[in-house]
Every structure is written in C-alpha cells, then in structure tokens.
Amino acid sequence: MAGNTVTRADLADAVCRKVGLSRTESASLVEMILNEVCDAIVKGETVKLSSFATFHVRNKTERIGRNPKTGEEVPISPRRVMTFKASNVLKKKILDGHRSKKS
C-alpha cells in the first residue's frame, strides 16, 4: 500500500494478493463490504468490527455557536453525526507502532 493514504484500490490490491481473487472480484468485494457498512450507518445502526473499531450514529441537539471573528451568536441546527471509536486492539497496535519508530 503506497503513500500515506490507503484507497479502495489499495484495499482491493491487498485482497487480490492475499486471498487470490482477481482484481475485479477483489474490487467488487471491497465495494460490497463498504456499501454494507455505509448502509448500516445511514440506517442508524451501530457497526462493530471486532479488533478494529465501532461506528455509531449520534443525534446532536440544537445549540448556540459563536462566530469567532465577530463574536455573533448563531444557532447550530440539530443533526446526526457518526462517531468512530477505535478498539483497544487497534489502539495497542498504534501505540506499539509509535514505540517501535522511536527506538
């Protein structure tokens, strides 16, 4: 996986190499998985990928915000936002990777 950004194509290439599916089948599989995750999140369902993360939709109520330039108070409308909570396994991998780079 090249560079600092992992793309859908990078994921499909990894599936192609590791599972042995064709590039077209691998790309299709990645798209299906991402679509299932997206559809569940849009429906408001919690998506838990064990040892990776949990995606959850939260409802935020209306609140008053402030324009930093003018100081004017502006109402921020209620909305739904997605939260991402990394699993302890992922957090440990990130921390271990950070420690190994320091050494």
Side-chain angles (χ1 to χ4, degrees):
M1 298 189 198
N4 293 326
T5 303
V6 177
T7 64
R8 291 171 190 240
D10 294 330
L11 293 173
D13 286 344
V15 170
C16 181
R17 281 192 316 273
K18 294 179 181 179
V19 179
L21 297 174
S22 72
R23 285 192 184 276
T24 307
E25 291 171 325
S26 298
S28 178
L29 180 63
V30 168
E31 283 301 316
M32 283 190 290
I33 291 169
L34 293 176
N35 285 336
E36 286 295 321
V37 170
C38 288
D39 291 345
I41 291 169
V42 167
K43 289 179 198 170
E45 298 173 0
T46 297
V47 176
K48 181 175 181 176
L49 302 174
S50 183
S51 301
F52 179 66
T54 301
F55 300 89
H56 180 72
V57 176
R58 264 186 32 190
N59 291 316
K60 295 186 93 174
T61 59
E62 183 172 339
R63 63 187 176 92
I64 300 296
R66 192 176 305 274
N67 182 327
K69 272 190 174 178
T70 64
E72 177 187 357
E73 288 187 351
V74 181
I76 300 172
S77 59
R79 62 199 184 282
R80 294 172 64 195
V81 295
M82 186 198 67
T83 62
F84 170 90
K85 184 172 188 238
S87 72
N88 289 333
V89 173
L90 179 58
K91 289 177 186 177
K92 185 178 181 325
K93 283 184 179 184
I94 292 169
L95 185 58
D96 290 347
H98 176 70
R99 286 182 182 149
S100 68
K101 287 184 179 181
K102 279 185 158 182
S103 300

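Sequence positions, counted from 1, serve as the residue numbers for this chain.
In this structure, Ser28 OG and Arg23 CZ are separated by 15.0 Å, a value rounded to the nearest 0.5 Å. To the nearest 0.5 Å, atoms CG (Asp10) and CZ (Arg8) are separated by 12.0 Å. Taking OG1 from Thr24 and CG from Leu29, the interatomic distance works out to 12.5 Å, rounded to the nearest 0.5 Å. The line from NZ of Lys92 to CZ of Arg99 is 7.5 Å long, rounded to the nearest 0.5 Å. In this structure, Leu11 CG and Cys16 SG are separated by 12.5 Å, a value rounded to the nearest 0.5 Å.
The local environment of NZ in Lys85 is sparse, with at most 12 non-hydrogen atoms from other residues, nucleotides or ligands closer than 6.0 Å.
Linking Ile, Leu, Val, Met, Phe, Trp and Tyr residues whenever their side-chain heavy atoms come within less than 4.5 Å places Met32 and Val30 in a single cluster.
Pairing each heavy atom of Ala86 with each of Lys91, the nearest pair is O-CE, 3.4 Å. When all heavy atoms are compared, the tightest approach of Ser26 to Ala12 is CB-O, 3.2 Å.
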Table please: side-chain donor-acceptor pairs of residues 35-61 below 3.5 Å, with sequence neighbours left out.
from: Asn35; atom 1: ND2; to: Glu31; atom 2: O; distance (Å): 3.2
from: Thr46; atom 1: OG1; to: His56; atom 2: ND1; distance (Å): 2.8

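The side-chain contact (heavy atoms from CB on, under 4.5 Å) check on Val19 picks up Val15, Leu21, with sequence neighbours excluded.
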